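Every number for a ligand or one of its atoms is a count from 1 in the order of the listing. Please read all numbers here as calculations on a predicted model, not as lab measurements.
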Amino acid sequence: MPLLVMKFGGTSVADLARIENAAKKVQAEVERGYDVIVIVSAMSGETNKMVAYVEGTSKLYDAREYDAVVSSGENVTAGLMALRLQEMGIAARSWQGWQVPINTTSAHSSARFMSIPRENIDAKFAEGFKVAVVAGFQGVSAEGRVTTLGRGGSDTTAVAFAAAFAAERCDIYTDVDGVYTTDPRITNKARKLDKIAFEEMLELASLGAKVLQTRSVELAMRYKVRLRVLSSFEDTDENSGTLVCDEDEIMESKVVSGVAYSRDEAKVTLVRVEDRPGIAAAIFGPLAEAGVNVDMIVQNISEVEAGSVKGATTDMTFSCPVNQIARAQKAMEDAVASGTISYDGIVVDSDVAKISVVGIGMRSHAGVAATMFKALSKENVNIKVIATSEIKISVLIDRKYMELAVQALHDAFELEKA
Ligand code: ASP
Ligand code: MG
């Protein structure tokens, strides 16, 4: 039997009517001849509510009990989905993580998959069951305790099952109808993509296009799981949504596929750092230990002050999420206090945003950066930091120009046209 994985996010199972609607989509696939593994999230809002229960009970909570509580929302929707399918005359059975078993590491609240043995679910399919409904987001550790995978983890559960069961496709049902060239709230010219390559999606997912958990895309890329993002709020067929797939499946891709942004960035410059071997390690080591997610890094020669007796110095600039600024500053002050680094000053700009253009076509096309910079200059947007990779160019700009910049770049690369 060909097999599909269908995942329904929180808004797609928000109440009994939404569960019934989702069950009908499952029924349609069963009628097309598929065995189906359904992965469900908790009803929308439930996980947040349970996180609040835990935090309201214990400040320094035991992570094992946090997982015991917050994993429970998925148990409810899994059972209800199986019941609804049975009411429709479909042989369905629900599975909690430990029953499969979904074996994970013991890193509570951020566990990773170890293995998903197929025997138990395969045996049920062999008995004539058509649907296995599996609670997303959870697993079981070697110690036999319930674990969770981190917020948004049901996407990753779905991809892991698609890989383990060699599914034809993994359909992620959500409340948007696909992946767009940029955020439609910023420009109404944003266009839904029919297909997008794993690598592009990875860049867009990590840059804040919050449709899929980044880990799920990484896993899909590694195991070449074809992923489809589509809406459970619309009538759908086999051509709906956006297919996230290997680039070989995309015949003619545009040079740039999308414009992503990240609003809450900050830029930190250490002014006139002593320039010597090991200085970068002495700066970024402590930042990493402090849990600061450093993104862009630029090093340049410092201005030499007249009469300065200091040796060679360099300015070191990096960006990180704005809410990590205090941690970053403390890490740098501690490093100065312990004598491992010294600088003349630290300059923090917490009003910046990052804009990125992404596209696998960039690998073989010159001129993308030039087009990007020209479009920004036409709008008088000043670029503060630039970083490039094989398939992405990112700039830091003043946050107040973020929307304008996204619109200008969307126009410049003609992303409204297919
Ligand atoms: N219910 C979990 C969360 O809200 C997992 C998920 O829905 O993906 O994070
Ligand atoms: Mg989600």
Practice item. Would you verify whether the NZ or CZ of Arg18 falls within 45 degrees of the ring axis of Phe233 while also being under 6.0 Å from that six-membered ring's centre? Key: yes
Exercise for review: Could you tell me whether Glu247 and Arg363 have a side-chain N and a carboxylate O separated by less than 4.0 Å?
Suggested key: yes
Review point. Aromatic ring centroids of Phe318 and Phe284 under 6.0 Å?
Key: yes
Point to revise | Any Gly73 heavy atom less than 4.0 Å to ligand 1 | key: no
Review point. Within less than 4.0 angstrom of ligand 1, does Glu74 place any heavy atom?
Key: yes
Revision key, fill the gap. If we number the atoms of ligand 1 from 1 as shown, the ones under 4.0 Å from a heavy atom of Arg151 are 3 (C), 4 (O), 9 (O)
Review point. Mind checking whether Lys7 has an N or O less than 3.5 Å away from an N or O of ligand 1?
Key: no
Point to revise | Distance under 6.0 Å and angle within 45° of ring axis: Lys192 vs Tyr180 | key: no
**Study point:** Atoms of ligand 1 close to Ser154 [distance to a heavy atom under 4.0 angstrom, numbered from 1]
**Key:** 5 (C), 6 (C), 7 (O), 8 (O)
Review point. Hey, is Gly152 one of the residues with a heavy atom under 4.0 angstrom from ligand 1?
Key: yes
Check your understanding: Which atoms of ligand 1 sit under 4.0 Å from any heavy atom of Phe137?
Key -> 2 (C), 5 (C)
Review point. Without hydrogens or angle criteria, can the side chains of Gln213 and Thr156 be said to hold a donor-acceptor pair below 3.5 Å?
Key: yes
Check your understanding: Of the options Met6, Lys7, Arg228, which is the one that meets Ile172 in a side-chain contact (heavy atoms from CB on, under 4.5 Å)?
Key -> Lys7
Revision key, fill the gap. For Ser41, the atoms of ligand 1 under 4.0 Å from one of its heavy atoms are 6 (C), 7 (O), 8 (O)
